[in-house]
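For reference, the structure discussed in these notes is given below.
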Amino acid sequence: MKKTYLNEIPNLVDKEIEVYGWVHEIRDTAKFLFIILRDSAGKAQILINKEKTEIYNVAKELHHEDVIYVKGIVKKSEIARLGYEIIPNEIKILSKAKHPLALDVTGKINAELNTILDARYLSLRRDDYNAIFKIQSALVRYIREFLYERGFIEIFTPKIIKFATEGGAELFQVKYFDEISYLAQSPQIYKEICSGAFEKVFEIASYYRAEKSRTPYHLTEFLSFDVECAFYSYHDIMDLLESLMKFVINKLYEKNEKEFNILKCEKINVDYKFERIKYDEVISILEPYGIKWGDDLTQHTLKLLEGKIGKKFFFIIDWPTELKPFYTHEHEDNPKITKSFDFNYGFLEIASGGERIYNGDKLVQKLKKMNLNPENFSLFIKALDSGMPPHAGFGLGISRLLLILTNSKNIKEVVLFPRDVDRLIP
RNA sequence: GCCCUGGUAGUUUAGCCCGGUUAGAAUGUGAGGCUGUCACCCUUGAGGCCCGGGUUCAAAUCCCGGCCAGGGCGCCA
């Protein structure tokens with residue numbers, strides 16, 4: 001016989017099955033011992049009659065999170081709240097859990113975030129965290145589904161890089177044999193180069209920033225979803241991102257209802273046109289708060305904006321040139337602003353992108369203007385000089401999106417093994 | 001890096017303001033009991049004041065420093 005997964009048992013009434021899983025709950029009454037068994041697919045009640053001493057002698061030794069094997073008959077039950085139960089003919093303990101455990105897997109006694117992270121080996125077994133990461137898996141799957149359907153090529157770019165190229169975010173140094181290298185903070189130039197060959201590319205991977213940020217939204221290692229498309233304008237890219245978001249979120253609500261029910265989080269409505277608000281308009285909305293043109297929009301500022309326009313998905317477009325990275329393409333008729341966008345849900349930035357400079361000479365000019373060394377970009381400049389089409393793209397924070405979808409409070413909750421300024425373990 | 005708040009059994013939490021109690025509870029864990037439980041229930045045992053210094057006859061409680069955590073800010077292609 002094969003392992004039966006616990007979600008299958010309603011179809012196996014009166015059949016003998018073999019199940020494997022973890023002891024989730026134990027209730028000990030006068031005549032019966034009730035074990036709630038949990039596996040990756042669901043839960044089932046094991047009903048043990050204490051008069052069956054052979055089985056009871058094994059079962060009375062059970063503790064929370066012990067791993068067991070049960071062979072038994074599935075019975076429909078009016079009394080059992082799950083509707084079905086398993087009457088065992090044999091129980092084996094495969095792996096003992098040493099007590100006390102670091103946290104309560106049933107979630108009846110909650111644990112602090114720090115405890116939850118330290119004991120990820122247990123908190124991932126909790127229904128809520130389990131659901132979050134099943135949603136993450138589905139989210140990535142639907143992104144791939146959407147893009148493969150539209151002729152995109154998935155790429156894998158290097159995470160160990162030679163040059164600390166830009167100002168801005170600090171990079172982690174890595175000893176690379178006899179030279180110094182860095183952990184990539186984005187696939188930017190590599191995905192642009194790839195778009196010059198494949199036209200439409202994407203990558204889902206982790207990147208690194210050595211910033212001592214202590215916020216509920218920043219990590220030193222974060223999962224990014226990057227897209228780059230040749231012959232796309234920034235409005236084309238926003239169209240793509242908007243339809244992708246609608247597809248992915250609707251599909252999640254359709255296919256992963258079980259997980260969202262466990263999390264008890266309200267569905268986010270995406271059934272509207274995602275507004276594209278010009279940076280200029282944002283400034284005029286925020287003028288009463290002393291925000292002026294040229295200011296970056298901090299989280300605090302964006303919270304004020306959310307208060308004005310409400311909590312929804314929207315784009316902020318046409319950012320001042322000096323607020324955007326060196327590769328961002330300016331508007332031809334007004335070089336003070338760029339063909340760029342941020343994509344937000346309320347105050348939280350989820351993605352940013354835009355059109356890129358695709359002419360080598362222009363890029364060199366721009367690098368010099370920003371006090372960056374063109375020599376460090378020689379590969380990229382050659383690529384631009386070798387027939388680089390106009391192109392645009394974006395980078396999206398997967399965990400920030402997951403945070404919103406699962407109504408979580410801290411990004412560390414939705415990352416399996418988060419890395420922040422103070423946490424390198426587990 | 002700055003500001004605020006906190007740190008009490010494995011976990012979660014009361015007590016702290018107003019110093020003196022066998023430091024209380026829940027859950028988990030050991031023992032026993034209980035008519036099918038479903039946050040089962042009942043009896044009973046074990047288990048705790050972050051670290052260092054100070055004030056005081058006396059510190060979980062007040063003060064200072066450290067470490068750790070959470071939040072706010074800053075930093076942040």
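Letters A, B, ... mirror the listed sequences (proteins, then strands); counts begin at 1.
- If you take atom C1' in B/rG45 and the same atom in B/rU35, they sit 28 Å apart, rounded to whole Å.
- The backbone N or O of A/Gly397 sits nowhere less than 3.5 Å from a side-chain atom of A/Ser224 that would complete a donor-acceptor pair.
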What pairs of nitrogen or oxygen atoms, one from the protein and one from nucleotides 1-6 of chain B, lie under 3.5 Å apart?
none

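- With both ends at atom C1', the span from B/rA14 to B/rG48 equals 13 Å, rounded to whole Å.
- Comparing the same atom, C1', in B/rG28 and in B/rG71 gives a spacing of 30 Å after rounding to whole Å.
- A/Ala119 comes within 4.0 angstrom of no nucleic acid atom, judged by non-hydrogen atoms across all strands.
- Out of B/rU11, B/rC75, B/rC40, the shortest distance to the side chain of A/Ala111 is found at B/rU11.
- With hydrogens and angles disregarded, a donor-acceptor distance shorter than 3.5 Å links the side chain of A/Glu306 to the backbone of A/Phe347.
- Residue contacts for A/His218: at a heavy-atom cut-off of 4.0 Å it reaches a base atom on one of the strands shown.
- Donor-acceptor pairing under 3.5 Å is lacking for the side chains of A/Arg125 and A/His24.
- Checked by distance alone, A/Glu85 brings a side-chain donor or acceptor within 3.5 Å of a matching partner on the base of B/rG36.
- For B/rC73, the base has no donor-acceptor partner in the side chain of A/His300 [N/O atoms by modelled type, under 3.5 angstrom].
- Side-chain proximity of A/Asn114 to B/rA77, B/rA69, B/rU37: nearest is B/rA69.
- Counting any heavy atom pair closer than 4.0 Å across all strands shown, A/Asp28 reaches a base atom.
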(request) Both distances under 3.5 Å, Watson-Crick or G-U wobble: on that basis, could you give the dot-bracket string for RNA chain B, with [ ] for crossing pairs and | for other-strand partners? (result) (((((((..((((......[...)))).(((((.......)))))....(((((..]....))))))))))))....
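- In this structure, A/Ser213 contributes its side chain and A/Thr215 its backbone to no donor-acceptor pair below 3.5 Å.
- Not a single donor-acceptor contact under 3.5 angstrom links the side-chain atoms of A/Glu112 to the base of B/rU12.
- Put simply, A/Lys409 has no side-chain N or O that comes within less than 4.0 Å of OP1 or OP2 on B/rG72.
- B/rU29 atom C1' lies 12 Å from atom NZ of A/Lys96, rounded to whole Å.
- Applying the ring-ring contact (aromatic ring centres under 6.0 Å, His included) test between A/Phe343 and each of A/Phe225, A/Tyr234, A/Phe315 identifies A/Phe315 as the sole match.
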(request) Show your reasoning for whether side chain to side chain donor-acceptor pair (under 3.5 Å) applies to A/Thr406 and A/Ser408. (result) CA-CA 5 Å; A/Thr406 60; A/Ser408 302; 2.8 Å; yes
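- Minimum atom distance to the side chain of A/Pro100 is reached by B/rG10, of the listed B/rA69, B/rG10, B/rA77.
- Between A/Ile35 atom CD1 and B/rG36 atom C1' the separation is 14 Å, expressed in whole Å.
- If you check every strand for non-hydrogen atoms under 4.0 Å, A/Lys412 touches sugar and phosphate atoms only.
- Between A/Phe326 and A/Phe377, the ring center distance clears the sub-6.0 Å criterion.
- Comparing B/rG72, B/rA77, B/rG36 by their closest approach to the side chain of A/Thr29 singles out B/rG36.
- When the C1' atom is used for both B/rG74 and B/rC3, the distance is 11 Å, rounded to whole Å.
- Counting non-hydrogen atoms under 4.0 angstrom, A/Lys50 reaches a base of the nucleic acid.
- With A/Tyr207 as the fixed residue, the side chain to side chain donor-acceptor pair (under 3.5 Å) test singles out one of A/Lys159, A/Gln188, A/Glu221: A/Lys159.
- Toward the 5′ end of RNA chain B lies the nearest nucleotide of A/His99, the other residue of the pair A/Pro325 and A/His99 mapping further downstream.
- Closest to the side chain of A/His64, from the set B/rU29, B/rA39, B/rU37, is B/rU29.
- By the 4.5 Å heavy-atom criterion applied to side chains, A/Leu401 and A/Tyr345 are not counted as neighbours.
- Here A/Ser77 lies in heavy-atom contact (under 4.0 Å) with a base.
- Between the side chain of A/Asp66 and the main chain of A/Leu62, no donor-acceptor pair closer than 3.5 Å is present.
- One can find a donor-acceptor pair under 3.5 Å joining the base of B/rA77 and the side-chain atoms of A/Ser186.
- Nearest nucleotide to the A/Phe32 side chain, out of B/rC38, B/rG36, B/rU29: B/rG36.
- Atom-to-atom, CD of A/Glu413 to P of B/rG70 comes out at 11 Å; the value is rounded to the nearest Å.
- In this structure, A/Glu25 atom CD and B/rU29 atom C1' are separated by 17 Å, rounded to whole Å.
- Here B/rG71 is the nucleotide among B/rA39, B/rC73, B/rG71 with the atom lying nearest to any side-chain atom of A/Asn410.
- B/rC64 and B/rU22 are spaced 32 Å apart, taking the C1' atom of each and rounding to whole Å.
- The nearest whole Å value for the distance from the CD1 atom in A/Ile79 to the P atom in B/rC38 is 12 Å.
- Counting non-hydrogen atoms of other residues, nucleotides and ligands closer than 6.0 Å to OH of A/Tyr5 gives a total of 12 or fewer.
- Between A/Tyr129 atom OH and A/Arg120 atom CZ the span is 6.0 Å, to the nearest 0.5 Å.
- With C1' as the reference atom, B/rG19 and B/rU61 are 6 Å apart, rounded to whole Å.
- When each of B/rC40, B/rG74, B/rC73 is scored by its nearest atom to the side-chain atoms of A/Arg27, the top-ranked nucleotide is B/rC40.
- Contacts of A/Ile36 with the nucleic acid, taken as non-hydrogen atoms under 4.0 Å apart, are absent.
- Mapping A/Ala80 and A/Pro216 onto RNA chain B via the closest heavy atom, the residue that lands nearer the 5' end is A/Ala80.
- Using a 4.5 Å heavy-atom threshold, the side chains of A/Ile68 and A/Leu94 count as separate.
- Here, B/rG7 and B/rG66 have their C1' atoms 13 Å apart, quoted to the whole Å.
- Here the nucleotide nearest the side chain of A/Ile109, chosen from B/rG72, B/rG36, B/rA26, is B/rA26.
- The distance from atom CG of A/Leu219 to atom C1' of B/rC75 is 15 Å, rounded to the nearest whole Å.
- Ring to ring, A/Tyr232 and A/Phe394 are not that close: their centroids are 6.0 angstrom or more apart.
- As judged by a 4.0 angstrom heavy-atom cut-off over every strand, A/Arg209 is placed among residues touching the sugar-phosphate backbone only.
- Counting to the nearest Å, the P atom of B/rG10 and the CD atom of A/Glu65 are 19 Å from each other.
- Rounded to the nearest Å, the gap between the C1' atom of B/rU29 and that of B/rG70 is 29 Å.
- Contacts of A/Thr328 with the nucleic acid, taken as non-hydrogen atoms under 4.0 Å apart, are absent.
- For A/Ala30, whose side chain is taken as the heavy atoms from C-beta onward, the closest listed nucleotide among B/rC75, B/rG72, B/rC34 is B/rC34.
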